[in-house]
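Numbering of residues begins at 1 and proceeds along the displayed sequence. Indexing begins at 1, ligand by ligand and atom by atom, following the structure's order.
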Amino acid sequence: MTDLVLALNPVQRRRIVVRGVVQGVGFRPFVARLAAELGLTGHCGNDEASVFIEAEGSSEALAELIMRVRADAPPLALVEDVRDEPVAPMGDPTFAIVASRTRHGARTLVSPDVATCPDCLAEMADTADRRYRHPFITCTNCGPRFTIIQDLPYDRPATTMATFEMCRWCSREYDDPDDRRHHAQPIACHDCGPRLWLEEDGRAVRGSYDEILGYAQRLLRDGAILAVKGVGGFHLACDATNAMAVETLRSRKQRPGKPFAVMARDLATVRTFSSLSPDEEAALTQPARPIVLLRSLQPTPLAAGVAPGLGETGVMLPYTPLHHLLLEPVAGADTPQILVMTSGNLADEPLCYRNEDARTRLGEIADAYLIHDREIAVPCDDSVVAVGTEGELPVRRSRGFAPLPVRLAGAGPVTLAVGGEVKNTFCLAREDMAFCSGHLGDMGNLETLQAFEVAVGQLLALHASAPELVVADDHPGYATRGWAERYSTEHGVPLVTVQHHHAHVASLLAEHGLVGTPVIGVAFDGTGYGCDQSVWGGELLSVGADVGVADRVGHLEPFVLVGGDRAVRNPFRVALAMLDAAGIPDPSGLELTAACPEDELTAVRSQLASGVGCVSTTSMGRLFDGVASLLGVRQRISYEAQAAIELEALARTADYTADLTMDVDDGLLRTGRLVRGLVAGVRADTSPAALALGFHLALASATARLAERTARERGVDVVGLTGGVFQNRLLLDELTALLRAAGLTVLTHRRVPANDGGLSLGQAVVGRARAARELGMTTGGVT
Ligand SMILES: [Zn+2]
Ligand SMILES: [Zn+2]
Ligand SMILES: [Zn+2]
């Protein structure tokens, strides 16, 4: 009957609700323009969960509006869902944007931060524009979002911009539906926006912005280290072509070997030191502006200390107006056009993002601060991606991507998964969405644990949610596990723990929307607590229709770590154990004998004989370490996975490959014959690069055979590759090709990292499945 009345009435009104990333991306002005174009009246606005529209006019115009809010949505919007229903016509004279509404329950999605757009850059360069050279220029298409939001709905009072009162001109733009800055929350100008200044020796250096920026450029040119406040935190910057400055930064930051990322002025500058494919160019210029790992060219203008021992460099382009100004050339002056831009922290501490904190913690590192008074609500490190043969591989998912959710197949209790111990992220699963935090880092120190707590509090506040389930790793020694246990007790919320590699496999399934699909998961990484309490890391797990259950169906042949953590820091200790297991008691002729002091060698040998201080492991990361030592690549490491990364870099330089074999039997990847082949190769003076490549190919071939055999036995046709070792693109590409050639479907990470940064997503998925089965928790609360 209602439909009949509506059909006869030429003027109709519909209520339309649009969900997704629809706030802070220019959605309401877009709707207003569209309504005006279609001759519709009514209104639209934001609430915590959606953009709501009531529009009135002809049924054709209404149908077109409903179609085009999805089809023509602004570039940064992500429309998940559009629903509409008829309501009674009201006869509004115009179409208006109405004030935001607050209601409880469902919440909208927050947009990630977005690099400065071309329109803003053009205005910044235009002497006639009132935002000429404005260091905080933004519009509805660009600028900070996630990092300035304190609460929802996303309106200026709920952001750290609330303290800046808009001037008359900015207010006018903000209120004008036809303006590019209509409802752009971070809107600012020289008159009313945040202030930029430079601090040196505890004093503010006075002057115009141009004088301050010119002085900052001079400091950089003279080799100084500058702390620069960005979108998600502070960077430490120095001239990347100045070897002395780079070394000074390394020693002050207490970071001897781990590569630094650089920021280059533009693509032409990037091409002076890196190769750049069209896919890599697209990765560099996307709105998230991540760090992209690019192959280095020789000769290079970069100082050798930027990324020592590696054939690639992490590169990003400027993504804030301040970066553009800092990297701009100055007439007649030799200004740096490539800066080291590394996270503003000491060693493994968390990223500094508050001014006071930066002054305290970076005081011994930075010579001066380029700083401003727009506060950062949520710290967010730069993201890192690599470009493989089939697209982008996330290495660190943070600024520009967080907090975009991964859509899950089903709903469940509000779940907080706390992640692992290194490269930590946590994940909040609410209804059918999983929100992963930005990168928090290594949880081994108190500051990081505090940063973790702050970030958890912020994400829960944004979602107005209290966890009904907490999930942690099985490892009893992880700081995050301890935190989860305390949280569980204090809040009376059940805790589920999940085996490390099981979580890796589940994370891969979840990001592909394939939870419930039977898979053979190949989980290769450095360290994970195994079900038998030994150190796992070279695992094949079978996960069936119930993602909450995993069977270990194969693994690397166990070997011993002599002295636990000391073996991790000193790859030659791993090599000695592998030689012992391979029946080669005499390490003579191998470089490790020179690197290992005589007394240490004797001690390691006697431990191997007695078993004292030895722990058993199947870690694939350690196998790479041991091989790196055997080939003379590295005997001691200063950052995680250093030996493995350098081994891959060496293999890429090979002109030919050494013929090596890794045996497979009884569900095991055997190491004996492989190690004997490597040692024979070294003793026969085969090039280390050819041996390194031969090792990669032998491992890929053995893994492919074992995975294929297991998949056939179990009637499964999907194999997933996960764990930090699969950041090794040489191994990833080779293994993927072999598995495909065998007719299997191969899953690799595309949205969350293969490393422990992706762990929390998998924990949330497995935790929910286990809670449903073991605790009877399905859609929230105990049923
Ligand atoms: Zn813009
Ligand atoms: Zn203004
Ligand atoms: Zn792991």
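Residue-environment remark: CD (Glu328) exceeds the threshold of 12 foreign heavy atoms within 6.0 Å.
In this structure, His235 and His323 have tilted ring planes: the angle between them lies in the 30° to 60° band. Note on ring orientation: taking the six-membered ring where Trp is involved, the planes of His183 and Tyr174 are parallel (angle under 30°, cut-offs 30° and 60°).
Phe164 does not carry Arg195 over the face of its six-membered ring by the limits of under 6.0 Å from the centre and within 45° of the normal. The cationic group of Arg131 does not satisfy the cation-pi geometry with Trp169, failing either the under 6.0 Å distance to the six-membered ring centre or the 45° limit from the ring axis.
Side-chain polar atoms of Asp756 and His500 form a donor-acceptor pair below 3.5 angstrom. Side-chain contact of Ser208 with Asp210: a donor-acceptor pair under 3.5 Å is absent, judged by distance alone.
Each of Tyr209, Phe136, Trp197 was compared with His372 under the ring-ring contact (aromatic ring centres under 6.0 Å, His included) criterion, and only Phe136 meets it.
The closest donor-acceptor contact from the side chain of Glu173 to the backbone of His182 lies at 3.5 Å or more, if one exists at all. Although no hydrogens or angles enter the test, the distance criterion places no donor-acceptor pair under 3.5 Å between the side chain of Glu485 and the main chain of Gly482. Not one N or O on the side chain of Thr147 forms a donor-acceptor pair closer than 3.5 Å with the backbone of Pro144.
Around the Zn ion (ligand 3), the protein contributes the following N, O or S atoms at distances under 2.8 Å: His500 NE2, His504 NE2, Asp525 OD2, Asp756 OD1. If you look at the Zn ion (ligand 1), the protein N, O or S atoms less than 2.8 Å from it are Cys117 SG, Cys120 SG, Cys139 SG, Cys142 SG.
Scanning for salt bridge (charged side-chain N to carboxylate O under 4.0 Å, His left out) contacts around Arg145 gives an empty result, with sequence neighbours left out.
Counting only protein N, O or S atoms closer than 2.8 Å to the Zn ion (ligand 2) gives 4.
Using a 4.5 Å heavy-atom threshold, the side chains of Arg622 and Met578 count as separate.
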